[in-house]
Amino acid sequence: MEMETTSQFKALDERYVMPAFSRDMAIVKGEGSTVWDAEGKAYLDCVAGIAVCSTGHCHPAVVKAICDQAHQLIHCSNLYYVPHQGDLAKKLVEITGMHKAFFSNSGAEAMDGALKLARVRTGKKKFVAFTHGFHGRTVGSLAVTHKPAIREPFEPLGVIKTFVEYGDLDALKKVVDKDTAGVIFEPIQGEAGVIIPPDSFIEGIREICDDAGALMIADEVQTGMGRTGKWLAMQHTKVQADIVTLAKGIASGFPMGALVAREDLEFKKSEHGSTFAGGPLACAAALATIDVIEKILPDVTRKGERFGKGLAAYNPRIRGLMIGMTIGDICPGVQKTCAAQGVLVNCAADGNLRLVPPLVIMDAEIDRVVGVINGALGKVVL
Ligand SMILES: Cc1ncc(COP(=O)(O)O)c(C=O)c1O
């Protein structure tokens with residue numbers, strides 16, 4: 001088969017694909033922390049499919065798990081017990097400290113499930129979420145996503161919600177009441193540019209939820225599965241949420257999401273479902289992914305600190321391998337310059353450069369990334 005060039009990708013994309021995305025590169029191959037474009041240029045990948053490819057690209061154990069399962073059974077639906085699904089649910093329960101799991105196909109769907117679960121088990125209808133929070137683009141998850149530019153054109157979205165300034169516990173206290181089903185938050189805001197709140201904020205949400213009888217719903221789609229150096233970002237605090245949503249890094253790029261919930265919170269028969277969710281391939285990929293992450297997790301914080309040392313001049317915000325730094329309007333230019341030098345980074349909201357590399361990234365690769373970023377920013381620090 002002849003390989004397509006970037007301009008061939010572009011021509012087909014422009015003619016046949018709805019223009020919801022802006023892109024100018026074609027990534028066609030990956031291995032470890034490196035990806036290659038259609039012309040064969042290599043890049044160290046600190047985007048990792050947006051915090052997804054934590055085990056690196058095409059980790060042999062994940063590839064093998066998917067291929068082995070594909071030879072056995074690709075799909076059977078949730079009308080039957082699904083190979084690997086129970087094992088994966090058990091593993092997720094063990095690493096998150098929650099009670100049971102429910103599977104979805106994406107992070108947005110995991111949030112939709114959390115909204116439904118909170119509604120049906122509390123019998124309440126109101127939610128509170130935070131400014132700059134991102135929870136997905138489906139109708140339900142978009143309703144609790146703050147960014148007006150992406151949400152408002154689609155309102156009304158059928159979810160009763162109030163937004164409160166991220167970090168403002170006094171404002172939260174004023175709006176959470178006996179009719180609130182849940183408070184939805186990211187323990188670290190990812191799309192907003194890696195905004196890390198003090199532990200007291202997370203503890204305060206717990207207290208306010210407990211006082212009002214509302215559920216605490218932690219969106220760990222981006223922060224979960226080892227990204228911050230622990231299985232959950234919440235595990236950096238003493239607080240446990242009532243519902244946790246997961247996706248992104250859970251299956252190394254095979255589409256999957258999940259929610260895990262505390263003991264008395266579960267869907268009853270027919271309350272929720274999905275044809276593909278928790279399918280055999282996704283579960284096999286996730287089990288292999290967790291196996292790999294278990295081995296590399298102890299090193300994630302140290303690797304983040306190595307980035308931190310190299311980028312110290314820019315006051316980076318770092319928790320494990322979730323790194324953000326505010327560089328303002330030059331962010332798109334820096335992203336482009338880094339790509340030209342063979343390093344992929346990404347601009348999150350408000351001029352925040354975000355690095356979410358594979359957790360398997362090696363020290364020499366970190367040093368090269370840091371050198372390229374410093375060069376792009378015009379100050380070689382290393
Ligand atoms: C915190 C958070 N929640 C939910 C989502 C939505 O996940 P998905 O894109 O898999 O639907 C994202 C995606 O960026 C996210 O960062």
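Just so you know, ligand 1 is whichever comes first in the structure, and atom 1 is the first atom listed for that ligand.
Centroid-to-centroid, the aromatic rings of Phe185 and Tyr166 stay 6.0 Å apart or farther. For His146 and Phe163, the distance between ring centers is under 6.0 angstrom.
Salt bridge status for Asp367 with Arg306: present, with a side-chain N to carboxylate O gap under 4.0 Å. Electrostatic pairing of Lys116 and Glu109 does not count as a salt bridge here, judged by no charged N lying under 4.0 Å from a carboxylate O.
Taking a 4.0 Å cut-off on heavy atoms, Glu191 registers as neighbouring ligand 1. At least one heavy atom of Lys248 sits under 4.0 Å from some atom of ligand 1. Put simply, no part of Ile50 is less than 4.0 Å from ligand 1, judged by heavy atoms.
With a heavy-atom cut-off of 4.0 Å, Ala108 touches ligand 1 through backbone and side chain alike. Using a 4.0 Å cut-off between heavy atoms, Arg137 makes no contact with ligand 1 at all. Residue contacts with ligand 1 for Glu186 involve side-chain atoms from C-beta outward but no N, CA, C or O (heavy atoms, distance under 4.0 Å).
Numbered from 1 in the order shown, with element, the atoms of ligand 1 that lie under 4.0 Å from a heavy atom of Val221 read 2 (C), 3 (N), 4 (C), 5 (C), 7 (O), 12 (C), 15 (C). Here is the list of ligand 1 atoms found below 4.0 Å of a heavy atom in Ser106: 10 (O), 11 (O).
The presence of a protein heavy atom under 4.0 Å from atom 11 (O) of ligand 1 is confirmed.
Considering backbone and side-chain atoms together, Ala247 places no N or O closer than 3.5 Å to any N or O of ligand 1.
The number of heavy-atom neighbours closer than 6.0 Å to NZ of Lys41, taken from other residues, nucleotides and ligands shown, is above 12. Applying the 6.0 Å contact sphere to CG of Asp329 captures no more than 12 heavy atoms from other residues, nucleotides or ligands.
Hydrophobic clustering keeps Ile27 apart from Val52 (ILVMFWY residues linked when any side-chain heavy atoms are closer than 4.5 Å, directly or through intermediates).
Of the protein's heavy atoms, Gln222 NE2, 2.8 Å lies nearest to atom 16 (O) of ligand 1. Atom 2 (C) of ligand 1 has Phe134 O, 3.3 Å as its closest protein atom, hydrogens excluded (heavy atom only). Distance from atom 3 (N) of ligand 1 to its nearest protein heavy atom, with residue and atom name: Asp219 OD2, 2.7 Å.
Within the structure, ring-ring contact (aromatic ring centres under 6.0 Å, His included) pairs that include any residue of residues 267-308 comprise His75-Phe276, Phe102-Phe267, Phe102-His272, Phe267-His272 (at least two apart or interchain).
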Do any side-chain atoms of residues 17-25 form donor-acceptor pairs under 3.5 angstrom with protein atoms, and if so which ones, sequence neighbours left out?
| unit_1 | atom_1 | unit_2 | atom_2 | d |
| --- | --- | --- | --- | --- |
| Arg23 | NE | Asp13 | OD1 | 3.4 |
| Arg23 | NH2 | Asp13 | OD1 | 2.5 |

